[in-house]
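The structure appears below as C-alpha cells.
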Amino acid sequence: MYSDKVMDHFMNPRNVGEIENADGIGEVGNPKCGDIMRIYLDVEDNIIKDVKFKTFGCGAAIASSSMATELIKGKTLEEAWRLTNKAVAEALGGLPAIKMHCSVLAEGAIHKAINDYRIKHGLEPWKDDKNYDDDHHDIGE
Amino acid sequence: MDSKRIVYMDHAATTYVKPEVLEAMLPYFTEQFGNPSSVYTLGRKSRSAIEEAREKVAKAIGALPEEIYFTGGGSEADNWAIKGAAFANRAKGNHIITSKIEHHAILNTCEFLEKQGFEVTYVSVDENGVIDLEELKNSITDKTILISIMFANNEIGTIQPIEEIGRIAKERGIIFHTDAVQAIGNVEINVKDMNIDMLSLAAHKFYGPKGVGALYVRKGIRIENLIHGGGQERKRRGGTENLPGIVGLGKAIELATADIEGHNARIRALRDRLLNGILEKIPYTKLNGHPEKRLPGNINVSFKFIEGEGLLLLLDQSGIYGSTGSACSSGSLDPSHVLLAIGLPHEIAHGSLRLSLGDKNTEEDVDYVLDVLPKIVQRLRDMSPLYENFIKGGR
Amino acid sequence: MDSKRIVYMDHAATTYVKPEVLEAMLPYFTEQFGNPSSVYTLGRKSRSAIEEAREKVAKAIGALPEEIYFTGGGSEADNWAIKGAAFANRAKGNHIITSKIEHHAILNTCEFLEKQGFEVTYVSVDENGVIDLEELKNSITDKTILISIMFANNEIGTIQPIEEIGRIAKERGIIFHTDAVQAIGNVEINVKDMNIDMLSLAAHKFYGPKGVGALYVRKGIRIENLIHGGGQERKRRGGTENLPGIVGLGKAIELATADIEGHNARIRALRDRLLNGILEKIPYTKLNGHPEKRLPGNINVSFKFIEGEGLLLLLDQSGIYGSTGSACSSGSLDPSHVLLAIGLPHEIAHGSLRLSLGDKNTEEDVDYVLDVLPKIVQRLRDMSPLYENFIKGGR
Ligand SMILES: Cc1ncc(COP(=O)(O)O)c(C=O)c1O
Ligand SMILES: Cc1ncc(COP(=O)(O)O)c(C=O)c1O
Ligand code: FES
Ligand code: FES
C-alpha cells in the first residue's frame, strides 16, 4: 500500500517532538474526523531554523509530517508557504488515492504555524484559500 | 525491526487452511473433478463428496442435510438470506429488523433493500455490544418479515442472546436469521433448540478454504434465489459446485466442532493472559466488548491518544499481525460502526486494536506481543499531540 | 463391461485443474493466506497476488485491470451483470433483450426480473443456433437498457456474431453483456474491438478451479452490486477474496489464451476426426449447431430413435464421459431449451449427445469412442420401439 519512502518516514520519522517557546505553532485537524497535526517552528531572519511535529494519525499522516518538516527546514517562510501537499506526496514517492488528504494536513499545519508566527510578530497573516479544519474526509477519492 | 518471529493474531479476518483440510480437498482438483450434476461415475463420485460435506455441516449445527445450501462465502450467504426472505415475503410485509453492529454484508444489503422499498430498523446495543432486547421487541410490527441478528460480533467478539431472540421471533411468527460466520467452532450451536430459521457461515473463518460458505434454511422457509441458474443445490443456488471448496468446508467444520469446549479453554487461557498483560502494562487502555460473553480468541482494546493504522504497521515490522477499527485503515475513512455503536468517541475508536487468537498461537507468542506492544504504543504516544496535551494538562 | 480406459469428453461441463495451476494456488491455502484487505505484510502479499491475477485476466480479453471483478463463478457473474444493470438503470428503462439459447444463469435471472417489473425479449435463433440479428434490432425500444447475448453456446457450440451485436448496441447506446463462459481460450476476444461492455467468465471451464469467475465491466458502466458487503473489489463485490481461486484463475487464463490458434487447430483436428467418424459410422445421425462457427472441441449430435440418458450410462460403463440434452437426465424433465430453440422435435432432442474435447484427449481416445459408440447406439436402437417402427415402415 505504501511506498518504501513512506514506510521509511513512518518508521523513522524526522523531526518528531516539540520546541519549547516556539516562534510559531500550527495545528490542524479535528479529533472527530481523526487526525491532528501540530507543527512547531523556530524562525530566525525569516528562515526556518528548526521544525518539529506531533501527529495523531495514520502512517501516511506521520510520514507526511516527517517529509514536510524536512522539506521546509532551512527554507524561507515564503518558500515554506508555497509547499503543497502534492509536493509532499510526490517527495514520498506517492500516496494511495484515499490517503492524499493526510498530506493536506501537513500543508495546513505549516500555513497555520507561519501565520501564528506572523501574528505574534505583528504582521498581517497570509491568506489561505483552503479551510484546513473542514472535514477532510471528502478530499482524496 | 525486531526478530523475524511471526505472530498471526488476525484469525477473525481469515485463517490458514489446516493441512488435513487441504489434503481432503486435493483429489478434487485434478482427479475427482467431475461435475456433480453429471450422471456418469466421475460425476456421481463428486455428488457423494458434496453430500458427505453437507451432512457434516448439518451435524455441526443440528440441522438436516437437506437444509444446508452451499454458497461462495459468508457474504453471499448473508445477502441471500436477507434479500431472499425479503423478495419472497414482500406480499406479507416490508419490514426488517437487524442491529447496528452487523457485518457490512448485512448492513449494505439492508441499505439496498431500503432503496427497493423495504423498511429496516437497526436495533441499538449497550456499551458491551449486547442487543437491546426491549428495543427489538418494541420495533416489531405486523409488517415485520425478518429479524437478522449476528451470533457473535467480528470486531468486539460479543456473543448475542440468540436463544432469546429466536424465541421472540418464533412467538411472533417472524423469520429469524443469524450471521454465525464468527461463531462456528467457538460457540455450541443448535439451530433447532435456538429457533434459528437461517444461519450463515464461511469456511475460511475456521481453517477451511476461502470462497466457500453455506446457508442453512429451515425446511418450510421459502426464500427467493440470489444466484439464479442451473439446477444445483436443489435449484436454489445456481452454479457449478465448488467441489474442492465444499469438501474442505465439510472437513473444516467437522474439525472445528469436534471439541469446542476443549478448544475454547485453551484459547481463552492464552487470550486472558494476553489481555491481562496488555491492561496491566499499558495505561489508558480500555477493553471493548463484553467482558465475559465474548468469543474465546477475541481481544479488542483502545489505546488512548494513538491511531490504529500506525500501530498495525509498527506491529507488522515486528512480525505481529492484528487489525484495527480505525478510520484510517478502512477504505471508507469512517471509524468502525461497531465501536461507534457501543458509544466510543471517534478518537478512542481510532486507537483500537483487535487481536484474534487461533489454534497455532502459543504462550511464547503472547509473551512476545506483551514485550513488543507496550513499546510501540509508547512510541506512538510520544508522537501524539493528544498525549502531549494530556501530559501537560496533567502536570 | 469393457476395459477400464477412461475418456473424458465433457470439458464443456467442467475441466480438471492443470497441475501448473494447482501448483500456483497451493501456497495461498496454508502459507500466503493473509486477508488481502489487511495492511500488514501478509495481507499486502495477498493483495499483489490478486492484482497480478487481475492483470492476467484483463490481458486475456483486452480489458484494463481495473475493469475486472472477481466472482464466485460464471453464474454469479451472469446474475450480477443482468441484475446489476437492471437495478442501476431502472430509471432509464425496464426492457432487456437476450436470446432463447442462453444459459439458465441468464434465463432464470431474466425470469426473476420479469417478476420485478422488467420486460424481457428472448430473441430467436436459426436452425444452426445463430441469433436472428434482424429480430434483435427490431426488438430494441427506447426502454431497452441491456442486451445480453452469449459468446458461444455451451450445448451446441455455436459462436455468435458478437462484434455485430456490439456494434448494434453501441449505436443505440445500450449496455451489451456477453456470457463468454464457454468462449475463453477457444475464441480470440477483445472487449474493446468488439464493443463489449460486460463479459462473464468461469475458471473451471479452462482448467482452472471451480467456484471462481470474473465479470468484466467497462469503465464508466454503473451496475448495482449483487453481493453487498465489505469494501472488496473496489466496493463492488463484498466477501473475503477467494485468494487461491483467484490466483488459479489468473494462471489458467494465461495458459488458456497463450496460444489459442495452436490449441484450436489441435482440438479441431481431433474433433473433426471424431465427428466425421460418428457421422460415417452411425446412420440417422444429425449434427446440431453451426457446421463451422462452433467451438473447436464441441460435438453435438442427435441419434434418432434413442434417448440420451441411457446412452450416457452405457458410455459410462465403457469409461466414456459425455452429456446430453435429453429431458430424462435433467432435473426438470424438459429437454434442452437450446435444442428446442434450433427447431429439433422433442424426440430428436431426446437422443442428443454432446462430446466436448479437451487438452488431454488423444487420437486413441477418438478411435476408442468410434469403436464403442456405434455399438451402444445400435444396442439402444435395438431396444427402441421407434426404431422398430422405422425399420418396419422402411421395409
Ligand atoms: C454458457 C455458460 N454460462 C454460464 C455458466 C455457469 O457457470 P458456473 O457453473 O461456473 O456458475 C456455464 C457453465 O455451467 C456456461 O456454460
Ligand atoms: C460476522 C461476519 N459476517 C460476514 C462475513 C463475510 O464473510 P466472507 O468474507 O467470507 O464473505 C464476515 C467476515 O468477513 C464476518 O466476520
Ligand atoms: S490520518 Fe487518518 S487517514 Fe491518514
Ligand atoms: S424415460 Fe425416464 S425420464 Fe424419460
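For clarity, every value in this text was computed on a predicted model and none was experimentally measured. Below, each value reflects all heavy atoms present in this structure, side chains not excepted, and no hydrogens, waters or symmetry copies.
- Proximity to chain B is limited to the side chain of C:S38, based on heavy atoms less than 4.5 angstrom apart.
- When each of B:E31, B:H228, B:K210 is scored by its heavy-atom pairs under 4.5 Å with chain C, the top score falls to B:H228.
- For B:E224, the part lying under 4.5 angstrom from a heavy atom of chain C is the side chain only.
- Considering only heavy-atom pairs separated by less than 4.5 Å from chain C, the leading option among B:G231, B:G73, B:A13, B:A202 is B:A13.
- C:G239 and B:S75 make their closest contact through CA-OG, 3.2 Å (heavy atoms, listed as atom of the first residue, atom of the second, distance).
- Between chain B and the options C:G248, C:G211, C:S323, heavy-atom pairs under 4.5 Å are most frequent for C:G211.
- When heavy atoms are compared at a cutoff of 4.5 Å, C:R90 approaches chain B solely by way of its side chain, counted from C-beta outward.
- Partners of B:S46 under the side chain to side chain donor-acceptor pair (under 3.5 Å) rule, at least two apart in sequence or in another chain, do not exist in this structure.
- Using a 4.5 Å cut-off between heavy atoms, C:T71 makes no contact with chain B at all.
- In this structure, B:T41 OG1 and C:Q317 CD are separated by 7.0 Å, a value rounded to the nearest 0.5 Å.
- With a threshold of 4.5 angstrom between heavy atoms, C:F87 approaches chain B through side-chain atoms but not through N, CA, C or O.
- Remark: C:E20 CD is packed, more than 12 non-hydrogen atoms of other residues, nucleotides or ligands lying under 6.0 Å away.
- Ranked by heavy-atom pairs under 4.5 Å with chain B, the first of C:I6, C:D78, C:T15 is C:T15.
- With a threshold of 4.5 angstrom between heavy atoms, B:I227 approaches chain C through its backbone and through its side chain.
- Among the candidates B:K18, B:R237, B:Q116, B:H103, the residue making the largest number of heavy-atom pairs closer than 4.5 Å to chain C is B:Q116.
- Taking the six-membered ring where the residue is Trp, B:Y8 and C:Y40 present perpendicular rings, their angle passing 60° and hence far from 30°.
- Considering only heavy-atom pairs separated by less than 4.5 Å from chain C, the leading option among B:W80, B:Y207, B:F29 is B:F29.
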Exercise for review: Output, in order, the C-alpha distance, side-chain angles, deciding distance and verdict of side chain to side chain contact (heavy atoms under 4.5 Å, CB included) for C:L26 and B:L22.
Suggested key: CA-CA 9 Å; C:L26 281 179; B:L22 181 58; 4.2 Å; yes
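- Within 6.0 Å of CZ on B:R222 lie no more than 12 heavy atoms contributed by other residues, nucleotides or ligands.
- Here the closest heavy-atom approach between residue B:V39 and residue C:L312 is recorded as CG2-CD1, 3.6 Å.
- Atom OH of B:Y321 is separated from atom CG of C:L42 by 5.0 Å, given to the nearest 0.5 angstrom.
- Residue-level contacts of residues 106-114 of chain C with chain B, in order of numbering, are C:N108, C:T109, C:F112; threshold 4.5 Å between heavy atoms.
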Exercise for review: Begin from the C-alpha positions of C:L226 and B:N79 and carry the test side chain to side chain contact (heavy atoms under 4.5 Å, CB included) through to its verdict.
Suggested key: CA-CA 8 Å; C:L226 179 70; B:N79 274 258; over 6 Å; no
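- Looking at heavy atoms from C-beta onward, C:R44 lies in side-chain contact with B:D316 at the 4.5 angstrom threshold.
- Rounded to the nearest 0.5 Å, atoms NE2 (C:H104) and NZ (B:K235) are 10.0 Å apart.
- Between the CZ atom in B:F33 and the CG atom in C:D10 there is a gap of 8.5 Å [rounded to 0.5 Å].
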